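Here the structure is a predicted model, which is why all the values come from computation and not from measurement. In the text below, chain A, chain B and the rest are named by the order of the sequence lines, each starting its count at 1.
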Protein chains: 2
Amino acid sequence: MRKSPTEPAPRRRPDPATRGPGGGRRHFLNRELLLDTAIAVIEKDGHEALTFRRLGAELDVAPTAVYRHFADKDELLRALGERLIEHALDGYEPAPEWRRTVREVAVAARRAYLAHPRVGALALARVTSSDVSFRLTDICLGAFRSLGLDAADAARYYLALVDMTLGSASLESAFAALDPATRAADDAVWGAEFLTASAERFPSLAASAPYMTGAFRDDHFEFTLGLLLDAIELRAAGHA
Amino acid sequence: MRKSPTEPAPRRRPDPATRGPGGGRRHFLNRELLLDTAIAVIEKDGHEALTFRRLGAELDVAPTAVYRHFADKDELLRALGERLIEHALDGYEPAPEWRRTVREVAVAARRAYLAHPRVGALALARVTSSDVSFRLTDICLGAFRSLGLDAADAARYYLALVDMTLGSASLESAFAALDPATRAADDAVWGAEFLTASAERFPSLAASAPYMTGAFRDDHFEFTLGLLLDAIELRAAGHA
DNA sequence: GGCAAACGTGAACGCTGTTGACTTTTTTGA
DNA sequence: TCAAAAAAGTCAACAGCGTTCACGTTTGCC
């Protein structure tokens with residue numbers, strides 16, 4: 001954060017004799033370029049590779065040039081989330097069936113928010129200024145309204161949907177950053193250890209152990225989402 | 001990570017003349033003390049305050065002493081999650097009613113995993129070695145089994161429950177680390193802007209805007225959880 | 001053409017997790 | 001009982017990150 005101008009940081013001035021050239025206005029950097037570069041970096045090397053230094057290297061600029069376009073990293077990440085949503089869902093038209101609409105939006109949004117563990121939280125922290133996001137919210141609320149729910153209930157179910165979608169993305173994104181050895185240990189151990197070790201003490205666990213994998217496949221999220229939509233449909237029917 | 005011993009780091013040796021005293025075995029540090037200190041730090045100042053230096057300061061030891069007890073920060077965080085679960089749920093006995101059981105476990109687990117955004121992901125990455133966690137998994141699976149579900153279905157619903165619970169914790173934990181001004185901006189803007197600005201373009205959004213807050217209250221998670229449990233109950237009935 | 005604004009640069013800061021050699025204390029085994 | 005090994009804590013330092021601030025260059029405006 002930039003400090004109050006009344007309190008200059010006690011920092012040694014660079015020796016003018018050794019200071020190199022300034023940058024000047026080159027007029028090729030802009031937010032969109034930075035964001036698209038950030039997306040490419042994440043897709044190639046994961047979200048932990050997204051540093052200012054990396055962005056600078058990719059675009060042949062000083063890392064600090066990024067601060068001319070984004071106040072700080074959180075602002076970069078917020079804008080990143082919005083851009084990913086636009087890429088995925090700009091121009092989206094609702095499907096004829098409400099469930100399909102909500103599913104398509106949620107699955108795509110989750111995929112977008114997988115980019116970085118903080119993106120979901122940042123999306124929730126500030127009302128977006130993006131027309132695409134407004135429109136998607138409107139579409140989902142409209143889908144719930146088509147079930148006969150009033151505005152307050154539609155909002156409540158929408159927030160449940162958001163919590164689940166962004167939560168799943170946040171969790172999986174954090175998981176993806178763990179080192180592969182840490183992650184890989186899981187499946188093998190569930191399979192081996194509990195078929196034999198603790199069947200008497202934990203019988204339900206022993207019986208289900210072979211099936212306790214796959215929490216992060218896309219179709220697993222869609223399964224959970226389907227449960228949520230079942231419940232919403234059930235409750236809406238109860239309102240009628 | 002400690003490197004292979006075949007490849008010493010090219011680092012300048014400290015001048016023996018200036019090197020002070022080593023630490024010796026004082027036998028008062030242990031994992032439990034470190035974990036409980038970590039918990040206290042997080043509760044007092046939030047998860048970003050949890051650094052090795054902070055732990056060292058709290059216990060009057062060098063920060064690097066922590067490495068004698070935990071291989072790295074991830075291992076500390078994993079152990080932290082397990083300890084929090086033990087605090088919350090050790091000795092838990094299932095309620096007479098399956099929904100209440102699952103709800104009590106999920107709400108308490110979510111509360112534990114709010115400690116740090118990475119704890120949920122770390123919990124998923126490795127099969128726990130904690131009896132408490134095994135037992136809780138067994139209890140939840142047992143609750144689903146009591147609905148007449150088979151072992152594979154019980155596992156699938158359990159994973160949905162885990163995804164939702166840990167996801168919600170991960171998201172909210174990340175949200176909690178944002179600065180208060182970023183967080184506070186949200187509610188005011190939902191209230192003001194959309195009652196007036198875009199009602200024609202986004203009618204459902206405009207109607208629901210006054211209700212679009214409160215995503216992070218505990219009762220909101222319980223509402224979403226209730227939806228999930230409704231759906232599980234409905235699908236279990238379809239199996240009968 | 002000169003000045004102000006915009007934007008990029010470079011040096012440096014503060015902070016974090018981490019490494020590896022050293023020191024001190026405790027434990028072990030003969 | 002003593003010496004050696006093990007355990008555990010210390011210290012100095014590293015690499016890397018986000019960030020700040022002063023400087024330098026380019027562009028746009030009057």
Q: Check the distance between dT26(C)'s P and Leu29(B)'s CG and give it to me in whole angstrom.
A: 14 Å
Q | d(CG, Asn30(A); C1', dG8(C)) in whole Å | A | 14 Å
Q) Leu178(A) versus Arg118(B): any side-chain heavy-atom pair under 4.5 Å? A) yes
Q. Hey, does Thr64(A) reach any base, or is it just sugar-phosphate, or nothing, if we go heavy atoms under 4.0 Å?
A. base
Q) Roughly, in whole Å, what's the span from CZ in Phe52(A) to P in dA12(C)? A) 21 Å
**Q.** Length of the line joining Arg31(A):CZ and dC7(C):P, which is rounded to integer Å
**A.** 12 Å
Q. Is the distance from OP1 or OP2 of dT18(C) to the nearest side-chain N or O of Tyr67(B) less than 4.0 Å?
A. yes
(Q) Walk me through whether Leu136(B) and Val132(B) qualify under side chain to side chain contact (heavy atoms under 4.5 Å, CB included). (A) CA-CA 6 Å; Leu136(B) 294 173; Val132(B) 175; 4.0 Å; yes
Q. Between Glu222(B) and Arg110(B), is the closest basic N to carboxylate O distance under 4.0 Å?
A. no
Q) When you check the gap from the basic side-chain N to the acidic O, do Arg135(A) and Asp90(A) get nearer than 4.0 Å? A) no
Q. Is Arg68(B) near enough to dT10(D) that one of its side-chain N or O atoms lies under 4.0 angstrom from OP1 or OP2?
A. no
**Q.** Pairwise 5' ranking along DNA chain C for Arg53(A) and Val66(A), keeping only the more 5' one
**A.** Val66(A)
(Q) I want to confirm an ordering. Mapping Arg25(A) and Ala65(A) to their closest nucleotides on DNA chain C, which one lands closer to the 5' end? (A) Arg25(A)
**Q.** Length of the CD-P vector between Glu75(A) and dG18(D), whole Å
**A.** 15 Å
Q.
It should be established whether His69(A) places a side-chain nitrogen or oxygen under 4.0 Å from OP1 or OP2 of nucleotide dG8(C).
A. yes
Q: Provide, to the nearest angstrom, the distance between the CG atom belonging to Leu55(B) and the C1' atom belonging to dG17(C).
A: 12 Å
Q) Would a distance-only check, ignoring hydrogens and angles, find a side-chain to backbone donor-acceptor pair under 3.5 Å from Ser168(B) to Met164(B)? A) no
Q: Round to the nearest Å and state the distance from Phe70(A) atom CZ to dG8(C) atom P.
A: 12 Å
Q: Would you mind reading off the distance between Arg118(B) atom CZ and dG17(C) atom C1', rounded to a whole angstrom?
A: 11 Å
Q. Just checking Leu50(B): base, sugar-phosphate only, or nothing, at a heavy-atom cut-off of under 4.0 Å?
A. sugar-phosphate
Q. Choosing from dT10(D), dG17(C), dA7(D), which nucleotide comes nearest the side chain of Lys73(B)?
A. dG17(C)
Q) Toward the 5' end of DNA chain D, which comes first, Asp60(B) or Glu48(A), by nearest nucleotide? A) Asp60(B)
